[in-house]
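Numbers restart at 1 for each chain; the letters A, B, ... are given by sequence-line order, proteins then strands.
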Amino acid sequence: MTDACTHPQTPLLHVEHLTMRFGGLVAADDVSFKAQDRKITAIIGPNGAGKTTLFNCLTGFYAPTSGRLELNHPTRGECLLERMEGHRIARDAGVARTFQNIRLFARMTVLENLIVAQHNRLMRASGFSFLGLLGFKRYVDAETQAVELARYWLDRIGLTERADWEAGNLPYGDQRRLEVARAMCTEPVLLCLDEPAAGLNPRESADLNRLLTFIRDEHSIGLLLIEHDMSVVMGISDHIVVLDYGRKIADGTPRAVRNDPAVIRAYLGDENDEENDNAMPPKVTADPKGGDV
Amino acid sequence: MEYFVQQLINGLTLGAVYGLIAIGYTMVYGIIGMINFAHGEIFMIGAFHALIIALGLGITTGTWIPVALVAALVGTMLLTPIYGWALERVAYRPLRGSPRLATLITAIGMSIYLPNQVQLLQGARIKTLPPVLQGGFEIMEGGGFVVTLSYLQILIMVLTVTLMVAFTLIIEKTALGRAQRACEQDRTMAALSGINVDRTIALTFVMGATLASVAGMIFLLRYGVIDFFIGFLVGIKAFTAAVLGGIGSLPGAMLGGFLIGLIEAFWSGYFTVEYKDVAAFSILVLVLIFRPTGLLGKPDIEKV
């Protein structure tokens, strides 16, 4: 199955005819698109367009009404995400996710947050923990490795000094980057980021952009990005999918999407051809159930 | 003074039993936010397992007693957690995500069902175990009163402290413990980090039941008399201990257990034995009124 990533025509993620209904409300309506590895694919659209719903389907929170979510894992082959349980999507399919509102383990230290994300490898190595207590070498080694990986990411996000802080006490921007780092510690092949730049100041936002492009270039995984901040979207994404009222209305490179009349109409209404920067309505929750899970 | 020291020793050994059970209450509350009222019954079943194994081996005197004790201890620590696991699997997991009242009612239901099962299987009469571990040290004497520290009390303290240290290490240092703390804080996010939440919760019940089974065995050795109904009162007192220490807090449960044990011992030593339960439960009332989060509990912070 290793040739999945050598054929450029085999996408990392292939969403086919995804439909998600909540009673009479159609949150995602026949959405199809592809996302490649080593690429940042941005999902944009006005509020209520179905972006978070899409993420929730991808990460096992919702079982889609219909459709197929195929993930081609470079070593484990094809996974059908719509049929997997949440923790197996993270563990076996290699899909990691961050949330609109930060969900760190606030009462654990920064370092522990990153080690918890490597839980499965540690549990396997430790014989479900009880053997690990007796100091078996395999467990100690696995633990050392886990700490090393955590240290690597701490270094990347510049939090090495604060490794022993409680995560809840970090400044907002640091928490955002820690969340990305934690997701990366699960060693995913697809990283789904739900508005990672929300609430960041321009400098923090630029830091985040650098982190995301670093992940794309150095760790060669695919990134899915929901974002309202157009400077982020236009600055770093390789591919943009535009949703509106649950439907896909455009799909292409940033340049193509920016000039797409359907997109401009969706964001600004008719008879308006200005640039769409910062033209978003006030933010409310993007999914019909309220909140993101 | 001598009398005081003796009550202190008695109180601490009694508190060890409450502490071990209280840990089970507090861990389950921490991870799924429910009070497992059937936990006291798990303690009772642990005592029965130890009794059955000890009597089954037929060793109550002689040099083989340590072997019998170890067999009973290991046996009950292996068998009783099966009940803890089954309890979670059958009674609580199907109701996960349902309103709190539903799980509370199931818990009470299980706490009625389990003693009745034991009553059916073992009979309603009290069961006795002849004292297997006698003797001890006389550590103080004065005014015609001898303070003794029995071998059994030493065994109880050593066992309890070892287990408490071991479980604290599991929670603080191992992958399983980290997973439990992660589930406690955010179950969804824990699942997304690849943690099998259902299994982690089941293991929490198993761990709680293991400690309760040891408490059951200690109770059996200390009093020599058990019946199917001992789980209720001891369970409620251990729950009081968990609330006193701050429910959800592991050190709190241990502290609370020892405090309740001491309160009971001193009350029966200096006032009346009949009202020792009143003393323990008055503490519960006072704590709930003046410090609902308990001694070491953290105030509930609203999740953002």
Checklist entry - Which heavy-atom pair separates A90(A) from A191(B) by the least distance, and what is that distance? => result CB-O, 4.0 Å
Item to check | Nearest heavy atoms of A179(B) and H119(A), plus distance in Å | outcome: CB-CE1, 3.2 Å
Item to check | Working for side-chain contact (heavy atoms from CB on, under 4.5 Å), residues R107(A) and Q185(B) | outcome: CA-CA 8 Å; R107(A) 276 171 284 125; Q185(B) 292 186 28; 3.3 Å; yes
Checklist entry - Are side-chain heavy atoms of F99(A) and M189(B) found at a separation under 4.5 Å? => result yes
Item to check | Min side-chain heavy-atom separation R181(B)-M108(A) under 4.5 Å | outcome: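 R181(B) reaches M108(A) side chain to side chain.
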Next on the checklist: Heavy-atom cut-off 4.5 Å, strictly under: side chain, backbone, both or neither for E143(A) against chain B?
Outcome noted: side chain
Next on the checklist: Less than 4.5 Å to any heavy atom of chain B: does that hold for the side chain of R88(A), its backbone, both, or neither?
Outcome noted: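 Contact with chain B involves no heavy atom of R88(A) at all.
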State the [atom1]-[atom2] distance between [X] and [Y], to the nearest 0.5 angstrom.
X: S193(B); Y: L114(A); atom1: OG; atom2: CG; result: 10.0 Å
X: T186(A); Y: I195(B); atom1: OG1; atom2: CD1; result: 11.0 Å
X: R91(A); Y: L192(B); atom1: CZ; atom2: CG; result: 13.5 Å

Tell me, yes or no, whether the heavy-atom count around [X] atom [atom1], taken from other residues, nucleotides or ligands under 6.0 Å, exceeds 12.
X: R291(B); atom1: CZ; result: yes
X: R93(B); atom1: CZ; result: yes
X: R83(A); atom1: CZ; result: no

Checklist entry - Which is it for K173(B) and E112(A) under the salt bridge (charged side-chain N to carboxylate O under 4.0 Å, His left out) test, yes or no, and what are the steps along the way? => result CA-CA 10 Å; K173(B) 300 280 180 208; E112(A) 273 185 325; over 6 Å; no
